[in-house]
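Notes to accompany the following structure.
Computed from a predicted model, the values in this text were never measured in an experiment.
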Amino acid sequence: MENLIIIISAADISPAIQIARNLPSYTVYTFDPILVDQISSSGLENINFIPFDNCPLYHELDGSAHSAAFDLESALDLEVREIVPEVSIAGWQHLNLYYILIALKWYTALWENLGNKLAGTKVHLFICDTPGSYYFNSYIPSILLLWYLKCSDIEFSGFTYGSKDEDTHLIPELSEENPNEELEQLLIHLPTCWYDIKYFFQEMISTGKTLINIEATNFNIPLPAIRTLALVEAGNTLSGLPEEIRNRIHDFSIALMEKLDQIFAPYLVIPNYRQRQIRHLTNIYCAQLVTYYQLSRYFEKSKPSRIILSDHDAGFHGPIISFAQKHSLPVIFLPHSKCVNDIEFKYRNITVLSHPIHGQEIFDANRKSVLNFKIAYPETFSGSTIVSEIKNDFAVAQFAVSQWSLFHTLPTLHARNTADRCLVQ
C-alpha cells in the first residue's frame with residue numbers, strides 16, 4: 001500500500017520529514033502551490049501538487065463566510081440577550097468567526113472534491129493541535145480530512161504537533177483607578193497599523209490630549225511614551241468582579257457553549273475537537289464581556305472624548321464600540337493599510353478616514369454607508385518624470401488637509417468635496 005504524506009500547511013513540513021525517515025517509500029501531496037518550493041527545499045521527495053480546479057470562487061466564499069458569520073452572531077446575541085440585556089455581542093468576534101468559517105467551507109469542499117485521490121493509500125496527516133483563530137494554523141483543516149478518511153474507510157495515521165494552549169485569554173489591565181480623570185482623554189487601539197503608525201502617532205500627540213492606548217493581543221503596534229494598558233489574564237480580573245457580574249458571565253458562558261455546539265456540530269463532527277473549539281470561542285467572548293464591564297468602571301467618572309481604532313479587529317473592537325455606543329462617544333476608524341474594510345458593527349457614530357486611493361464606499365453591518373473622509377498622507381513622489389502640474393496639484397491637496405485636527409475638531413469637520421478630500425474648519 002502506498003504511503004501518502006499530506007502537507008496542508010508550511011508547519012506540516014517539519015513533522016512530515018520526521019515521519020518520512022521511517023517509511024520505505026512515500027509520495028507527498030500538497031494542495032497549495034505556494035508550498036511546493038518550500039517542500040522541495042526541505043529534502044522531501046516525490047512531491048505532487050494537486051490543483052483544486054473546482055474550488056469555490058473567492059468572492060462567493062468571502063460573501064458566504066461574512067453572511068454566515070453575521071447569522072451566527074445574531075443567533076448568539078439572541079441566545080444571551082436575557083442574560084446580558086445591557087449589551088449586544090453582535091460583531092464582537094466577526095472577523096475571527098469569518099476566518100474560521102472560511103477554513104471550514106474551503107477545506108470541506110477541498111476534501112469532498114479531491115478526497116477520492118487518496119483511496120487505496122495509507123494517508124499520513126499532521127494535526128496542528130490548536131483551535132481555529134483568525135487565519136492562524138489550526139486543527140480545522142486536518143480534522144476535516146481525518147473525518148473524511150474515516151467515513152471513506154481510507155487507512156490513515158495522524159500525528160499532532162504544536163501548542164495546546166487554548167485557555168489563555170488576555171484583556172486590558174483596567175483594574176486600577178484612572179489617573180487621568182481630570183484631563184481630556186483619547187482612547188486609542190491601533191492593531192496592525194504597521195505602515196503609517198509614526199504618522200498617526202505624531203498627529204495624535206499633536207492634539208495635546210492625554211492618550212490611553214490599549215495593547216492588542218494579536219498584531220500589536222507598540223506606542224512609546226504614552227500610557228499603555230497592558231494585558232492580563234481575564235480570569236484574574238473576573239475573580240475581582242462583583243458576584244452578580246460573575247454569575248451573569250457564568251450563565252453567559254453556558255448559553256454560548258450550548259448554542260455554539262449546535263452551530264458547529266455539522267462542521268466539526270468529532271466531539272473532542274468541536275468542544276475545544278467551542279470552549280476557545282466562548283472564553284474569548286467572556287473575556288470581551290469582562291473588558292466591557294471594566295471599561296465602564298475605569299471610565300465611570302470621566303469618559304474619553306473620542307475613541308481611535310484601526311479597521312482591523314484584533315479582539316477588543318466589540319467591547320470598545322459597545323462602550324462607545326452606551327455613552328454616545330464618537331469613534332474614528334483609521335486604515336491599517338491605506339484602505340479600510342467594511343465595518344462589522346451597527347453603531348452609527350463612526351467616522352472612517354482612508355487613503356484617496358480607496359475609491360469606494362464603506363458600509364456598516366446594516367449595509368448603510370459610513371461617513372468617510374480622505375487623509376492627506378505626508379508622502380511625496382520622487383523622480384523627474386512627473387510633470388509640474390501634477391506636482392503642484394498634489395502639493396495643494398496635501399496643504400489643504402496636512403494638519404490633522406480631526407482628533408479634536410471632528411464635530412466641526414465639513415466636507416467641501418467628499419469625493420476628493422475634506423477640509424477642517
Between [X] and [Y], does any side-chain donor sit less than 3.5 Å from a side-chain acceptor?
{"X": "Ser88", "Y": "Asp77", "result": "yes"}
{"X": "Glu361", "Y": "Ser369", "result": "yes"}
{"X": "Glu300", "Y": "Asn178", "result": "no"}
{"X": "Gln325", "Y": "Asn349", "result": "no"}
{"X": "Ser354", "Y": "Asn372", "result": "yes"}
{"X": "Glu184", "Y": "Ser305", "result": "yes"}

Residues Lys198, Glu203: salt bridge by 4.0 Å N-O rule: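 Salt bridge between Lys198 and Glu203, a charged N being under 4.0 Å from a carboxylate O: no.
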Hey, is Arg276 close enough to Asp129 for a salt bridge, meaning N to O under 4.0 Å?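 Counted as a salt bridge, because a side-chain N and a carboxylate O are separated by less than 4.0 Å.
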If you measure from [atom1] on [X] to [atom2] on [Y], what distance do you get to the nearest 0.5 Å?
{"X": "Leu231", "Y": "His169", "atom1": "CG", "atom2": "NE2", "result": "13.0 Å"}
{"X": "Tyr195", "Y": "Ser337", "atom1": "OH", "atom2": "OG", "result": "5.0 Å"}
{"X": "Leu57", "Y": "Ser64", "atom1": "CG", "atom2": "OG", "result": "10.5 Å"}
{"X": "Ser67", "Y": "Asp62", "atom1": "OG", "atom2": "CG", "result": "11.0 Å"}
{"X": "Ile100", "Y": "Phe136", "atom1": "CD1", "atom2": "CZ", "result": "11.0 Å"}
{"X": "Ile127", "Y": "Ser142", "atom1": "CD1", "atom2": "OG", "result": "5.0 Å"}

Going by the salt bridge (Lys or Arg N to Asp or Glu O under 4.0 Å) test, which pairs reach into residues 28-45, not counting sequence neighbours?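 Checked against salt bridge (Lys or Arg N to Asp or Glu O under 4.0 Å) - neighbours excluded - no pair reaches residues 28-45.
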Selection residues 1-18 - residue pairs positive for salt bridge (Lys or Arg N to Asp or Glu O under 4.0 Å), sequence neighbours left out: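 Salt bridge (Lys or Arg N to Asp or Glu O under 4.0 Å) check on residues 1-18 returns no pairs.
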Between [X] and [Y], what is the ring plane arrangement, given parallel below 30°, perpendicular above 60°, and tilted in between?
{"X": "Phe252", "Y": "Tyr285", "answer": "perpendicular"}
{"X": "His317", "Y": "Phe333", "answer": "perpendicular"}
{"X": "Phe219", "Y": "His312", "answer": "perpendicular"}

[X] versus [Y], closest heavy-atom pair with distance:
{"X": "Ala255", "Y": "Val80", "result": "CB-CG1, 4.1 Å"}
{"X": "Ile214", "Y": "Leu295", "result": "CD1-CD2, 4.4 Å"}
{"X": "Ile140", "Y": "Ala103", "result": "CG2-CB, 4.1 Å"}
{"X": "Asn137", "Y": "Ser9", "result": "ND2-OG, 3.5 Å"}
{"X": "Asp342", "Y": "Phe363", "result": "OD1-N, 3.1 Å"}

Qualifying residue, where the test is ring-ring contact (aromatic ring centres under 6.0 Å, His included) with Phe52 and the options are Trp106, Tyr29, Phe31: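 Output: one option passes, namely Trp106.
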Name of the residue among Tyr139, Trp147, Tyr267 meeting ring-ring contact (aromatic ring centres under 6.0 Å, His included) with Tyr273: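 Looking at Tyr139, Trp147, Tyr267, the match for Tyr273 under the ring-ring contact (aromatic ring centres under 6.0 Å, His included) is Tyr139.
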Hey, are the side chains of Ile8 and Tyr107 touching, using non-hydrogen atoms and a 4.5 Å cut-off?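 Heavy-atom side-chain distance check passes, below 4.5 Å.
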Within the structure provided, determine whether Glu73 and His94 are in side-chain contact (heavy-atom separation under 4.5 Å).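 Side chain of Glu73 against side chain of His94, heavy atoms only: contact under 4.5 Å found.
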Count the heavy atoms of every other residue, nucleotide or ligand shown that sit under 6.0 Å from NE2 of His250, and state whether that count exceeds 12.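 At most 12 heavy atoms, drawn from other residues, nucleotides or ligands, come within 6.0 Å of this atom.
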Trace of the salt bridge (Lys or Arg N to Asp or Glu O under 4.0 Å) decision for Glu86 with Arg248: CA-CA 12 Å; Glu86 67 271 32; Arg248 190 178 302 177; 2.7 Å; yes
Salt bridge (Lys or Arg N to Asp or Glu O under 4.0 Å) for Lys150 and Glu155? Distances and angles first, verdict last. CA-CA 8 Å; Lys150 182 176 177 62; Glu155 187 176 353; over 6 Å; no
Quick one: do Leu229 and Ile212 satisfy side chain to side chain contact (heavy atoms under 4.5 Å, CB included)? Show the steps, please. CA-CA 7 Å; Leu229 301 175; Ile212 301 177; 3.8 Å; yes
Does the ring of Phe323 carry Lys303 above it, NZ/CZ under 6.0 angstrom from centre and within 45° of its axis?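 Ring-cation test returns no.
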